[in-house]
Amino acid sequence: MVYLKAILALGGLGALFGVALALAAKKFAVEQDPRIEKIIEVLPGANCGGCGYPGCSGLAEAIAKGLAPTSSCPVGGAAVAAKISAIMGQEPVKEYVRKVARVMCGGDRANASLRFLYSGIQDCRAAELVSNGPKACVYGCLGFGSCVAACPFDAMKMGENGLPVVDEAKCTGCGRCVIACPRHIMVLLPEKSRVEVRCKSEARGADVRKACKVGCIGCGLCVKACPNSAIVLENNLARILPEKCDACGLCVEKCPTKCIVMRDGENSRAMECVVAS
């Protein structure tokens with residue numbers, strides 16, 4: 001009889017706790033926005049972090065909460081942005097700007113000087129720790145390919161000149177290479193951006209000349225030459241404002257060290273002027 005009472009008591013307590021847990025689960029349940037799952041379904045699932053969020057699920061939650069725009073996925077591009085906009089009941093993005101990774105350094109083996117020979121771990125971050133790397137320019141590309149190793153889309157390789165090369169057809173603009181580069185040489189720019197300052201040095205002109213043949217010396221000739229005020233000089237370094245640049249090429253012509261380049265050799269106003277003259 002004693003055992004029977006104990007069993008009944010335990011059973012009763014179990015049933016009571018079970019009901020209490022069920023009620024608590026129902027009362028404190030966190031309802032998930034159903035749009036999150038729908039957004040996850042249309043995202044590419046790369047989980048590259050290029051959007052700035054921890055994976056695709058993190059981005060989906062941010063978009064559903066209105067914390068990120070529908071065009072936040074650089075891998076998905078315009079097509080995915082349009083699908084997400086439909087899920088969110090928003091107008092599709094009218095002008096989606098595809099960004100790609102660009103190498104902002106021209107200091108290859110032929111142009112950049114070395115302070116010492118480095119034979120340690122073939123990694124830019126490791127080389128940086130050894131007296132700021134072997135190159136005389138402490139702002140230039142270290143050339144050990146950490147950006148290439150970080151690219152999850154096989155869109156980069158090391159060139160024979162010791163600088164990374166981006167395959168823009170494969171580049172998704174995820175930004176993993178940007179994060180991996182300790183010198184901030186890799187940047188994301190609009191795909192249509194054609195004029196670049198391939199230098200990151202903030203050193204004075206005289207010091208730049210000692211370290212690299214194609215570094216920006218901060219002379220400001222490009223700034224004066226630009227008819228659109230599309231170039232600014234900050235910390236001895238020229239910087240292009242893509243939204244103002246019309247790729248006229250006048251700055252390319254004026255640059256004494258040729259660190260400002262026109263991509264792909266496309267036509268420019270300056271070239272047209274040369275032909276006309």
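Heads up: numbering here begins at 1 and tracks the sequence.
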Does a sphere of radius 6.0 Å around [atom1] in [X] hold more than 12 heavy atoms from other residues, nucleotides or ligands, not counting ones at 6.0 Å or beyond?
| X | atom1 | answer |
| --- | --- | --- |
| Ile121 | CD1 | no |
| Glu234 | CD | yes |
| Arg209 | CZ | no |
| Lys210 | NZ | no |

Steps toward side chain to side chain contact (heavy atoms under 4.5 Å, CB included) verdict (Val130, Phe116): CA-CA 10 Å; Val130 182; Phe116 59 89; 4.2 Å; yes
Going from [atom1] on [X] to [atom2] on [Y], what distance comes out if it is rounded to the nearest 0.5 angstrom?
| X | Y | atom1 | atom2 | answer |
| --- | --- | --- | --- | --- |
| Arg115 | Cys137 | CZ | SG | 10.0 Å |
| Arg102 | Leu188 | CZ | CG | 10.0 Å |
| Asn111 | Cys259 | CG | SG | 11.5 Å |
| Thr70 | Glu91 | OG1 | CD | 10.5 Å |
| Asn235 | Ser201 | CG | OG | 10.5 Å |
| Asn161 | Cys141 | CG | SG | 9.0 Å |

Side chain to side chain contact (heavy atoms under 4.5 Å, CB included) between Arg198 and Val103, intermediate numbers included: CA-CA 7 Å; Arg198 291 184 179 171; Val103 183; over 6 Å; no
To check you understand the geometry: which heavy-atom pair defines the closest contact between [X] and [Y], and what is its length?
| X | Y | result |
| --- | --- | --- |
| Ala60 | Ile40 | CB-CG1, 3.5 Å |
| Cys147 | Met156 | SG-CE, 3.5 Å |
| Ile260 | Cys251 | CG2-SG, 3.8 Å |
| Arg263 | Ser193 | CD-O, 3.5 Å |
| Val80 | Val42 | CG2-O, 3.7 Å |
| Val208 | Ala203 | CG2-O, 3.6 Å |

Does [X] use its side chain to pair, donor to acceptor, with the backbone of [Y] at less than 3.5 Å?
| X | Y | result |
| --- | --- | --- |
| Arg98 | Glu191 | no |
| Lys135 | Gly107 | yes |
| Asp108 | Gly162 | no |
| Arg176 | Cys48 | yes |
| Gln122 | Gly120 | yes |
| Thr257 | Gly215 | yes |

Evaluation steps, side chain to side chain contact (heavy atoms under 4.5 Å, CB included), between Arg183 and Cys124: CA-CA 9 Å; Arg183 292 283 178 88; Cys124 296; over 6 Å; no
Met88/Ile39 under side chain to side chain contact (heavy atoms under 4.5 Å, CB included): CA gap, chis, key distance, verdict: CA-CA 9 Å; Met88 294 295 294; Ile39 295 172; 4.0 Å; yes
Joint cluster assignment, [X] & [Y], ILVMFWY side-chain distance < 4.5 Å:
| X | Y | answer |
| --- | --- | --- |
| Leu142 | Leu114 | no |
| Ile240 | Val223 | yes |
| Met186 | Met158 | yes |
| Val148 | Ile185 | yes |
| Ile217 | Leu221 | no |

If we only count heavy atoms from C-beta on, is the [X] to [Y] side-chain gap below 4.5 Å?
| X | Y | value |
| --- | --- | --- |
| Val166 | Val100 | no |
| Ile84 | Leu43 | yes |
| Cys51 | Pro74 | yes |
| Asn236 | Cys216 | no |

Pair Glu160 + Arg109: basic N to acidic O under 4.0 Å: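 Judged by the 4.0 Å cut-off on N to carboxylate O distance, Glu160 and Arg109 do not form a salt bridge.
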